[in-house]
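Everything below concerns the one structure shown next.
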Amino acid sequence: MVGTFDFIIVGKGMMGAAAARHLAKSGAKIALIGPDEPEDWANHGGVFSSHYDNGRITRTIDPDPVWALLAQRSIERYADIETGSGVDFYSEAGCLIAAPLPGGEESTLDNVIAARNRLGVVAPFIDEQGLAEQFPWFRFPAGYGGVFEPRNAGHIDPRALVKAQVILAEKAGVTIIRSEVSAVARVGSSVNVQTVDGSTIRGGRAVIAAGGFSISGQLLARPLDLAVKARTVLFAEVAEADLPRFAGMPSLIGSALQQDESYYLLPPIRYPDGKHYIKIGGDPSDINIGSEPEVRAWFRGQANRSAADHMSGLLARAMPSFTPASLRWSPCVTTFTRHGYPYIGFADTDRIAVLTGGNGAAAKSSDEIGRLGASLLLNGVLDAPEYDTDFAVCFR
């Protein structure tokens, strides 16, 4: 027995680490369990995490009021997290949303403008000519406009964000157990958590914040209604001599009437190999992963070459003046819940809870999602009337 805690958080990713930081403010005895990132993905037999990345778009404007509030509250705390941890993870590069001009069949900009006005965000509409003049890195089809959010928008480094959250949690007294969980079970009024190295951790309550691995029957006896999708992301290397001309480039979300022509991309970001890459997403494939072993296998594999080729074409059309020094692609997973919001609730009366389901939108909002998960564990109920959803956990 490693120890007994008031609360155990299974999953040291963006949501779990945030939950640990917020829960630590209560003075409770807390364990945060999860392995560090493996150095060799291909030969790693354990679990993975989608935060093993250096670039995710962040922005306040969202047509969905729930996601907009989750983002706003998280972004407001970025500076405090950076200052308290000494880890920088946020780049205020701004975010441009480009799409067919308002009033047509494609309604993205209509919805974005309505959301901007409702939220009171300063984000000017930019017409077709303005796009070409203000954002010379990009080329858009005829008839496109955009909305540019210059403040409280840009991109975050998920690896660094998790590092910052863990540092602050540990400073506040949270015990960090860098191991993989093999089983979670309720035993009377307690929860026993076992790790792959044979240790047992006991807690009063536990929360499963394991992303795509939350579908494991070893973590939750009742299977979640959680779709885990295999995704491929493309990284286009920017040559060192080419970097200066990308100064000032924002994050970009490009929307099209045909879904497989929509994409997102980020400005050059330095990755662990020391090189700078423009990351682009827009995998049009719809690959469901049905089991936890399949999630592991997907991360160990070579991702989807045809999806990478498709995104390479999108990048060439969006940035025709850019010639990548090299291209590489990596596997990722995205989790989708039944109602489109994170699952934040109990799976087993009031002892084992669930905190998962990013729906492709949660990285920027993970601190607030973690706070809600911490509130659930601490109080036994989730009291968040400001959100137009109860974040209910759905099962198959």
Side-chain angles (χ1 to χ4, degrees), residues 11 13-16 37 41-42 44 46-53 55-58 62 64 66-67 70 158 208-217 219-220 222-235 253-256 258-266 279-315 328-344 354-366 369 391-396:
M14 286 184 280
M15 293 183 190
E37 181 177 355
W41 283 29
H44 175 61
V47 296
F48 293 82
S49 176
S50 290
H51 79 260
Y52 301 160
D53 185 20
R56 298 287 173 84
I57 291 177
T58 187
D62 195 303
D64 187 305
V66 171
W67 282 110
L70 289 170
I208 309 302
F213 290 89
S214 300
I215 62 175
S216 170
L219 301 183
L220 291 167
R222 295 180 65 188
L224 294 174
D225 186 358
L226 187 71
V228 181
K229 303 282 188 178
R231 295 287 190 246
T232 297
V233 288
L234 181 72
F235 298 90
I253 298 172
S255 184
Q258 296 77 27
Q259 185 57 38
D260 63 357
E261 292 298 312
S262 297
Y263 60 89
Y264 68 87
L265 60 81
L266 292 90
K279 174 188 171 183
I280 180 168
D283 183 346
S285 57
D286 189 31
I287 304 172
N288 285 298
I289 302 179
S291 70
E292 194 260 16
E294 290 178 81
V295 180
R296 297 177 190 240
W298 171 253
F299 273 108
R300 286 196 300 267
Q302 301 299 312
N304 185 339
R305 173 62 187 266
S306 63
D309 289 342
H310 174 79
M311 289 182 285
S312 179
L314 293 175
L315 178 63
R328 66 177 181 88
W329 49 93
S330 295
C332 189
V333 300
T334 306
T335 55
F336 294 93
T337 61
R338 184 187 298 175
H339 47 54
Y341 302 118
Y343 286 154
I344 310 174
V354 175
L355 181 64
T356 194
N359 296 279
K364 65 183 180 296
S365 306
S366 58
I369 296 168
F391 301 101
V393 181
C394 301
F395 300 91
R396 290 180 183 171

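Nothing fancy with the numbering, it's 1 onward along the sequence.
- Thr58 contributes no side-chain N or O that, together with a main-chain N or O of Lys364, makes up a donor-acceptor pair within less than 3.5 Å.
- In this structure the side chain of Phe213 never reaches within 4.5 angstrom of the side chain of Val228, judged on heavy atoms.
- Across all their heavy atoms, Phe48 and Arg296 have their closest contact at CE1-O, 3.8 Å.
- Of the possible donor and acceptor atoms, one in the side chain of Ser214 sits under 3.5 Å from a partner among the backbone N and O of Ala210.
- Between the side chain of Ser255 and the backbone N or O of Ser262, no donor-acceptor pair lies under 3.5 Å.
- Partners of Asp260 by side chain to side chain donor-acceptor pair (under 3.5 Å), not counting sequence neighbours: none found.
- In this structure, the side chain of Asp283 engages the main chain of Thr232 through a donor-acceptor pair within 3.5 Å.
- Counting only distance, with no hydrogens or angles, the side chain of Arg396 and the backbone of Leu224 share a donor-acceptor pair below 3.5 Å.
- Side-chain N or O atoms of Arg338 include none that pairs as donor or acceptor with a backbone N or O of Ala227 at under 3.5 Å.
- Scanning for ring pair (Phe, Tyr, Trp, His ring centres under 6.0 Å) contacts around Tyr264 gives an empty result, with sequence neighbours left out.
- Val393 pairs in a side chain to side chain contact (heavy atoms under 4.5 Å, CB included) with only one of the listed residues (Leu226, Val354, Leu220, Asp225), which is Val354.
- The aromatic rings of Tyr341 and Trp67 are tilted relative to each other, their planes meeting at an angle between 30° and 60°.
- Thr356 places no side-chain N or O within donor-acceptor distance of the main-chain N or O of Ala209, the cut-off being under 3.5 Å.
- Closest approach of Arg328 and Leu234 over heavy atoms only: O-CD1, 3.4 Å.
- Contacts of Asp53 classified as salt bridge (charged side-chain N to carboxylate O under 4.0 Å, His left out), with partners at least two apart in sequence or in another chain: Arg56, Lys279.
- Listed by chain and residue number, Trp41, Tyr52, Arg159 satisfy the side chain to side chain contact (heavy atoms under 4.5 Å, CB included) test with Glu37 (two or more places apart in sequence, or in another chain).
- In this structure, Ile287 and Lys229 have side chains that are not in contact, with every pair of non-hydrogen atoms separated by 4.5 Å or more.
- The salt bridge (charged side-chain N to carboxylate O under 4.0 Å, His left out) search around Arg300 returns none, not counting sequence neighbours.
- Remark: Glu294 engages no residue in a salt bridge (charged side-chain N to carboxylate O under 4.0 Å, His left out) (not counting sequence neighbours).
- Taking all atoms of both residues into account, the shortest heavy-atom contact from His339 to Cys394 is CD2-SG, 4.1 Å.
- Of the possible donor and acceptor atoms, one in the side chain of Asp62 sits under 3.5 Å from a partner among the backbone N and O of Asp64.
- Within the 3.5 Å criterion, the main-chain N or O of Ser330 finds no donor-acceptor partner in the side chain of Arg231.
- Checked by atom type and distance alone, the side chain of Trp298 pairs as donor or acceptor with a backbone atom of Cys332 at under 3.5 Å.
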